[in-house]
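Shown next, in structure tokens, is the structure this report addresses.
All heavy atoms count here, side chains included; hydrogens, waters and symmetry mates do not. Both counts, for ligands and for their atoms, begin at 1 and track the order of listing.
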Amino acid sequence: MRGVTETLAVHDPTDGRVVGDAPTQSREEVQALATRLRAAQPAWEALGPKARAEHVGRLRDWVLDHQDELVTLLRSESGKSMPDAALEAMGIVDVMTFFAGKAESALADESQRPHGPLTMGKQLGVRRRPYPLVGIITPWNFPLTLPVMDAIPALLAGAAVMVKPSEYTPLALQRMVRAWNEDLGAPDVFALALGTGDVGESVVEVSDYVQFTGSTVTGRKIGVRCAERLIPCGLELGGKDPMLVLADANIERAANAAAWGGLVNSGQVCTSVERVYVESAVYDEFVDQLVERVRGLRHGPSATDDLRDVGAMANANQVDVVERHVNDAIASGARVLTGGRRGAGPGFSYEPTVLVDVDQDMLVMREETFGPVIPVMRVTDAEQAIELANDSPYGLSASVWTSSKDRGLAIARRLEVGAVNVNDVLSNLFAFGLPMGGWKRSGLGARLGGEDAIRKYCRSQAVTVARMTPATELAWYPYASWKTKLAGRIVRLSAARDLRRRLGV
Ligand code: NAD
């Protein structure tokens, strides 16, 4: 536990330059921050969803006016290519607009009709009240999108929000949260806790709900601690997403999708194409086209060149993981058709890589690689592709490629994953009305999903109101046998479907 405030240096992954720093918080400072946010939360909740949506709309307008500034910060801390960084800055605008438009309907009080004699004469309703303080802990691969996808629905729900971004990439988010508090003067319900994993632990200690995105190892620790504290959590964890290319697929589209889906953001996407199974009949054609696409990509770290297709990797550790997986595959008989080594020059990068002759037991087919590597495996038929796709502890998402929509949908039903894109790749990520959640070791719960994204940060409150208020009720004291008989008769009359049971004979 630190007693004094330390500073975290942030490096540009393209050349290692220090591009900024962020003060990190001690446990006591995180506790003090939580107290401050909790004090401001009741007034934020009392504002109501419409006024809260207006604050989010003002933040969205600020982002639109400061896109260049955010993209520059994002690139400097993550090494993203210009299009990858721009996609993030545009994506958060879409997130804010979408969820601001859902807040009122998501949080509207609901009324229910009494279902039977025991609730007759009562007014029944459900209200949604936010968890006062939501803690959000995020990784480095999407430093703006991931915190925004969780923080905006939580704020709209009426919660106060404390985000712990990755220690590698706090700068762009720090600027945006400063805009909320200082440029826009919005209520003091949105703040950052900065630092490494121990600051994340402190956030878990002070929150009423924890939303975590990151590795399965960290997610499990957080899940255990939340269980001990008896607070809910949502966990968005790692993946090993399969792509199933069937013999009747549009091979050109599938090859283009594998290249982009496997290499966008240098492969550092939780739902990247991490392994490809191709039916034997179209395997050679698919591999030829994929390799041609990948060889044509402009890659490598560059802070200034806006024409890169594949940017830097975020940190040295992730390059080591990629290298370990590729070397293990080569040692076990895989062939590299393009790439297969670290990028040249300063900074962290790995060349866009296509591997063939891989098998299911290699690290690159079993563990999350999280880098620009596309391993392709030949399968005899669709049945084998489905079996191998499901043979994984992960279950985040998958894609199926076939000219028959019905066949694609039927196969989707057999895949043990939280999302399936048919003839498409990563597209569920942009459909905010659909739930995004991992199955198996890829997570717990889901984010997004339209109104559910906001409701998940609320506790449901059941409310009953007596319409008539006699001095006593049939079920209350004093008990009498005539009352018991009468209650039984009423239940029988309402529940039974035939005359004998209605009369009780
Ligand atoms: P990580 O688990 O190492 O760290 C994630 C965050 O948790 C960081 O902010 C870190 O400081 C914090 N943290 C570390 N230890 C902690 C602890 N004990 N208690 C509380 N917080 C702690 O993950 P990473 O390397 O930053 O990110 C990569 C991982 O994120 C990959 O596995 C990827 O698949 C996953 N990811 C998942 C999704 C999804 O939606 N499913 C999206 C993006 C990334």
What does the N/O contact table under 3.5 Å look like for ligand 1?
residue, atom, partner, partner atom, Å
ligand 1, 2 (O), Ser215, N, 2.9
ligand 1, 2 (O), Ser215, OG, 2.6
ligand 1, 2 (O), Thr218, OG1, 2.8
ligand 1, 9 (O), Thr138, O, 2.8
ligand 1, 9 (O), Lys164, NZ, 2.9
ligand 1, 11 (O), Lys164, NZ, 2.7
ligand 1, 11 (O), Glu167, OE1, 2.7
ligand 1, 23 (O), Ser215, N, 3.4
ligand 1, 25 (O), Trp140, NE1, 3.1
ligand 1, 26 (O), Trp140, NE1, 3.2
ligand 1, 30 (O), Gly214, O, 3.4
ligand 1, 32 (O), Glu368, OE1, 2.6
ligand 1, 34 (O), Glu368, OE1, 3.4
ligand 1, 34 (O), Glu368, OE2, 2.4
ligand 1, 40 (O), Arg447, NH1, 3.1
ligand 1, 41 (N), Leu237, N, 3.3
ligand 1, 41 (N), Leu237, O, 2.8

For residues 384-394, the salt bridge (charged side-chain N to carboxylate O under 4.0 Å, His left out) pairs (sequence neighbours left out) are Arg366-Asp391
Looking at Lys102 and Glu451, does any basic side-chain N land under 4.0 Å from a carboxylate oxygen? no
Expected list for residues 148-162: side-chain donor-acceptor pairs under 3.5 angstrom, two or more places apart:
residue, atom, partner, partner atom, Å
Asp150, OD1, Arg447, NE, 3.0
Asp150, OD2, Arg447, NH2, 2.9

Sequence neighbours left out, cut at 3.5 Å: what donor-acceptor pairs do the side chains of residues 311-321 make with other protein atoms?
residue, atom, partner, partner atom, Å
Asn315, OD1, Asn317, N, 3.4
Asn315, OD1, Gln318, N, 2.9
Gln318, NE2, Thr369, O, 3.0
Gln318, NE2, Phe370, O, 3.4
Asp320, OD1, Arg342, NH2, 2.6

Give me the atom names and distance for the closest heavy-atom approach of Ala389 to Arg275. O-NH2, 2.9 Å
Indicate the ring-plane relationship of Tyr209 and Tyr131, choosing parallel, tilted or perpendicular according to the 30° and 60° boundaries. tilted
